[in-house]
Chemist: 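Just passing along the structure, written as structure tokens.
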Amino acid sequence: MSTPILLWLRRDLRLGDHPALTEACKAGGPVIPVFIRDGIVDGYGAAPKWRLGEGLAALDASFRDKGSRLILRSGNALETLQELIEETGAGAVYWTRLYDPDTRERDTDIKSALKEQDIDAQSFHGHLMFEPWTSETKTGGFYKVYTPFWKSNRDRDVDTPLPTPGSIPAPSSWPASETLADWQLGKAMDRGADVVARYANVGERAASSRLGSFIAHGVAGYDANRDLPWKSGTSNLSENLSLGEISPRTCWHAGMQAMQDGKAGAETFLKELVWREFAYHLMFHTPRITTGNWREEWDAFPWNTDERLAEVKAWKQGRTGIRFVDAGMREMYTTGRMHNRTRMIVASYLCKHLMTHWKVGMKWFEDCLIDWDPASNAMGWQWSAGSGPDATPYFRVFNPVTQLDKFDKDRRYVGTWLAEPYSKKASEALEYFDAIPRQWNMAPHDSYPEPIVTADKGRKRALGAYENRKF
Ligand code: FAD
């Protein structure tokens, strides 16, 4: 019988369409699924870390349905794998590739160290549809603009998703495991976890049924509805895609089928899935996108970087006095998610009206989003700030007041997420006060603040700074 294979799970918390798992099962020996809480995981923000814990619990249940289980260990990833190899006699370690700079560096080192020990260390495809190095411009470079990236990828074959293995061979005895209760991954969420949990859609089964219901009821109207934050017009799959609870090619094939069935919004949905690929393409080719201005001339821009400023605090707490902005920030704190239209508005307001560095906003999102994704978050922020490769120009400043008239004409969105301005307070708006830290000292019957920086004043200030820039 073959020696055991360690299946090292990371952001691929599923059994279906999982090339590394399928190959491990084919090898014929026992498969030992393991998740390692190392420094990279410990560095996650509060909400993503909590959401990871929920995802791991669901994954363990799925493995147990197949007579397997998820082994949890914490420590340095290489040393932990080496300990497990020693304990189990494993001859191979399989994992799904990830692309953020820190993970790539860690994984490259681990692969070579394991190979030196004659361990069969293999990484597999699965987090993306297209490996980032397989899309090339005509001159052999990488894409810096989305539309040509889309055109070059839209007709590519995307492999049919792999089935969930019928059984997962178990070892005769299991190595010891730590527990999620010990790990307390939700600790940094303060009071928020109980509230956010009501909105989260955890695990592979939930993701699959969400995709099914979106394809049945949502995708046809996706084009018309996707920009309306008060309408549930999008797939809401980002939290699942982020942790790999569903594979992008499963979503792609469902979207393709919907397109063949004549559902109007299906092509736009496919384009959005390719935006995610584009974010990874950019992060792979220019890893600096996660840490600094992609257009380096923006280093000379007089961004505010002081998070203690009252303006920045008001932005985080949803009390800038600009309704669209405050509603979005509260939606995020209450649900762990925010509508895409609102993400663009709150990001633009922070970077332009408040002239605050996009890194401050990116970091706050990283702490609050359960769909946090290193590539999409970095690209979204640099796009909004004007410092990214495929960016909205800095002088195009979203007006959060006219945007509200356009996308939330009847004030349903702001009415759902803001309590203070309204005598009849929506239950969602009230939940926000259950989620936030007590020291924020906010209550639903407070008076709603006047704008800290009005739409007009902020626009003038931002454009003035832009005119005076030194580049
Ligand atoms: P749908 O509209 O149903 O789209 C389907 C899928 O396509 C999404 O689940 C997502 O995986 C992908 N997608 C859609 N729009 C984008 C986009 N603009 N960029 C990249 N992928 C996209 N998305 C994240 O998943 N995680 C983040 O941390 C994140 N941070 C963002 C920060 C800012 C400032 C901005 C402007 C956008 C950010 N986005 C992020 C992108 C986008 O807002 C979300 O992917 C989207 O709101 C998720 O909702 P949905 O699943 O209903 O998407």
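Start at 1 and go down the list; that is how both ligands and their atoms are numbered. These numbers come from a predicted model, not from an experiment. Numbers here are sequence positions counted from 1. What's counted below: heavy atoms across the whole structure, side chains too, no hydrogens, waters or symmetry copies.
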Chemist: Is there any N or O on T234 that sits under 3.5 Å from an N or O of ligand 1?
Modeler: yes

Chemist: For E420, run the salt bridge (Lys or Arg N to Asp or Glu O under 4.0 Å) check against R319, R323, R330 and tell me which one passes.
Modeler: R330

Chemist: Does the N or O separation between S235 and ligand 1 drop below 3.5 Å for any pair?
Modeler: yes

Chemist: So is there a nitrogen or oxygen of W275 less than 3.5 Å from a nitrogen or oxygen in ligand 1?
Modeler: no

Chemist: Compute the minimum heavy-atom distance from E239 to ligand 1 and say whether it is under 4.0 Å.
Modeler: no

Chemist: Could you tell me whether R210 and E239 make a salt bridge, using a distance below 4.0 angstrom between a side-chain N and a carboxylate O?
Modeler: yes

Chemist: Quick check: does W372 get an N/O under 3.5 Å from an N/O on ligand 1?
Modeler: no

Chemist: Nearest protein heavy-atom contact for atom 23 (N) of ligand 1: which residue, which atom, what distance?
Modeler: S376 CB, 3.5 Å

Chemist: Heavy atom to atom 16 (C) of ligand 1, shortest distance: which of E272, K271, M379 holds it?
Modeler: E272

Chemist: Around atom 4 (O) of ligand 1, find the nearest protein heavy atom and jot down its residue, atom name and distance.
Modeler: Y222 OH, 3.5 Å

Chemist: Regarding ligand 1, does L369 bring an N or O atom to under 3.5 Å of one of the ligand's N or O atoms?
Modeler: no

Chemist: Are Y280 and H127 an aromatic pair, judged by ring center distance below 6.0 Å?
Modeler: yes

Chemist: Angle between ring planes, F301 versus W298, binned at 30° and 60°: parallel, tilted or perpendicular?
Modeler: tilted

Chemist: Have a look at N225, N340, D371 and point out the one with the heavy atom closest to atom 25 (O) of ligand 1.
Modeler: D371

Chemist: Could you tell me whether some N/O pair between D373 and ligand 1 is separated by less than 3.5 angstrom?
Modeler: yes

Chemist: Any atom of ligand 1 sitting under 4.0 Å from a heavy atom of R226?
Modeler: no

Chemist: Could you tell me if any non-hydrogen atom of F269 lies under 4.0 Å from any atom of ligand 1?
Modeler: yes

Chemist: Can you figure out which of S238, S232, S348, G380 has its heavy atom closest to atom 45 (O) of ligand 1?
Modeler: S238

Chemist: Give the contacting part of N236 toward ligand 1: side chain, backbone, both or neither, where contact means a heavy-atom distance below 4.0 Å.
Modeler: both

Chemist: Identify the closest protein heavy atom to atom 40 (C) of ligand 1: which residue and atom is it, and at what distance?
Modeler: R343 NH1, 3.4 Å

